Every structure is written in structure tokens, then in C-alpha cells.
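Here the structure is a predicted model, which is why all the values come from computation and not from measurement.
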Amino acid sequence: MSKIRVKMADLDVGEKSDILITSGLGSCVGVALYDSRSQIGGLAHVMLPKVPGNRKNSNPAKYADTAIELLLDEMKKAGARIRRLKAKIAGGAQMFSFDNSDSSMKIGARNVKAVKEILRAKNIRLLGSDVGKDYGRTMEFHVEDGKTLIKTVKGEDQVL
């Protein structure tokens, strides 16, 4: 068994006995994708919903729209079949409160919405999620069986 740490605005792919771990999921969203037959899994730590139109994308793992595409490419190279993939997501919290109701400040909710729309467009079924609220999370994704453990400081651990 090897533990693979996925940093913020990063992604990685593992197989069989690997455990993919990402910490510090506040407004960011962890996206775990899993092919149960090939036992290939991938995890992305997405920071923002999409690449701004006025910027060159220097880190595709930072944005939901490019990170999920990149993760799918890496998983295909490792032997996963896209049509068999299932997903689990965590994060998307509203870590700070603002006096106005400007939806652009609700990064967590925008991240969750973007990830769900992309998964739906790719026909990837979402099996579990722990999103929203106002606290951070750590996500441990066990590639062997797809079990996803969510740890928080505000509650008990949860298995997706």
C-alpha cells in the first residue's frame, strides 16, 4: 500500500492498493474518480470552477473544467475505461461569511456546481458527496474498493 498525497491544484492517479489523499478542502473540491474493474482511481484537488477567459492556463489542475479533463486523460493512460467511471466529491465549503449576497464570492458552491455539471456532461455517475457547510475536510480515497473517507474537525469521520 502506498499513500499518494495530492496537493492543492494538483491531481494524481493510483491503482489497486494505493490510497490517494488530499487535505485542506475548504472551498476547494476533491474529485475522486474510480474504475472498479481495472481498479484505477484518480483524485483532483480543484480550486476554482473554470479558467478565466483573460488568462493563460498555466496549471490545468487548478480549475474544474481543465482538471477533470486532465484526470480523465491520465486515467485512460493508466488503463481505466471512462464509461465505467464513478465519482465521489467533497469540499465546496463557504469558509467565510460576507455581508453582501454576491454569488461570485461563493467559490465553494460555484466549484461544486461546476464539478457536478462536468461529471453529468461526461456521463460519470456521482455515487457520494459531502459538500457545503463551513468547515474544511480531508479526503482519503482507497483505490482498491473506491471507499472514500472524509475527515473533518467539526464532526465524525464519514465514509462515502
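Looking at every heavy atom in both residues, Gly30 comes nearest to Leu25 through N-CD2, 3.4 Å. Closest approach of Gly92 and Val112 over heavy atoms only: CA-CG2, 3.7 Å. The minimum heavy-atom distance linking Cys28 with His45 is given by the pair CB-NE2, 3.3 Å. Minimum heavy-atom separation, Ala67 to Ala61: CB-O, 3.6 Å. Contact detail for Leu20 and Gly14: the closest heavy-atom pair is CD1-N, 4.0 Å. Looking at every heavy atom in both residues, Val6 comes nearest to Asp10 through CG1-O, 3.4 Å.
Rounding to the nearest 0.5 angstrom, the gap separating the CG atom in Asp18 from the CD1 atom in Ile4 is 4.0 Å. Separating the OG atom in Ser27 from the CE atom in Met47 is a distance of 7.5 Å, to the nearest 0.5 Å. Atom NZ of Lys16 is separated from atom OG of Ser38 by 9.5 Å, given to the nearest 0.5 angstrom. Between Ser36 atom OG and Arg81 atom CZ the span is 13.0 Å, to the nearest 0.5 Å.
A search for salt bridge (Lys or Arg N to Asp or Glu O under 4.0 Å) contacts involving Asp145 returns nothing, not counting sequence neighbours. Scanning for salt bridge (Lys or Arg N to Asp or Glu O under 4.0 Å) contacts around Lys154 gives Asp134, with sequence neighbours left out. Residues meeting the salt bridge (Lys or Arg N to Asp or Glu O under 4.0 Å) test with Glu69, sequence neighbours left out: Lys122. For Arg84, the salt bridge (Lys or Arg N to Asp or Glu O under 4.0 Å) partners are Asp35, not counting sequence neighbours.
Residues Leu11 and Val46 are members of one and the same hydrophobic cluster, defined by side-chain heavy-atom contacts under 4.5 angstrom among Ile, Leu, Val, Met, Phe, Trp and Tyr. No single ILVMFWY cluster, assembled from side-chain heavy atoms under 4.5 Å apart, contains both Leu119 and Tyr63. Under the 4.5 Å side-chain heavy-atom criterion for ILVMFWY residues, no single connected hydrophobic cluster contains both Val143 and Ile68. Under a hydrophobic-cluster definition in which Ile, Leu, Val, Met, Phe, Trp and Tyr are linked whenever side-chain heavy atoms come within less than 4.5 Å, directly or via other members, Ile82 and Leu33 are assigned to the same cluster. Put simply, Ile21 and Ile40 are part of two different groups of oily side chains (I, L, V, M, F, W, Y) that touch within less than 4.5 Å, one to the next.
Considering only heavy atoms from C-beta on, Val115 stays 4.5 Å or farther from Val131 through its side chain. Side-chain contact check for Ser23 versus Arg5: some heavy-atom pair is nearer than 4.5 Å. When side chains are defined from C-beta on, Glu15 does not count as touching Gln39, because their heavy atoms never get closer than 4.5 Å. When side chains are defined from C-beta on, Met139 counts as touching Thr148, because their heavy atoms get closer than 4.5 Å.
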Quiz prompt | Test log, rule side-chain contact (heavy atoms from CB on, under 4.5 Å), inputs Leu127 and Leu160 | solution = CA-CA 8 Å; Leu127 295 182; Leu160 299 179; over 6 Å; no
Exercise. Could you walk me through whether Ile118 and Val31 pass the side-chain contact (heavy atoms from CB on, under 4.5 Å) test, one step at a time?
Key: CA-CA 11 Å; Ile118 294 165; Val31 181; over 6 Å; no
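Considering Asp130, Thr22, Thr152 as possible partners of Arg137, the one that fulfils the side chain to side chain donor-acceptor pair (under 3.5 Å) test is Asp130.
Of the possible polar contacts, one joining the Lys88 side chain to the Gly146 backbone as a donor-acceptor pair under 3.5 Å is found.
In the hydrophobic clustering, where aliphatic and aromatic side chains (Ile, Leu, Val, Met, Phe, Trp, Tyr) are joined below 4.5 Å either directly or transitively, Leu149 groups with Val159.
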Could you pull out every donor-acceptor pair under 3.5 Å between side chains of residues 70-77 and any protein atom, sequence neighbours left out?
unit_1	atom_1	unit_2	atom_2	d
Glu74	OE2	Lys77	NZ	3.4

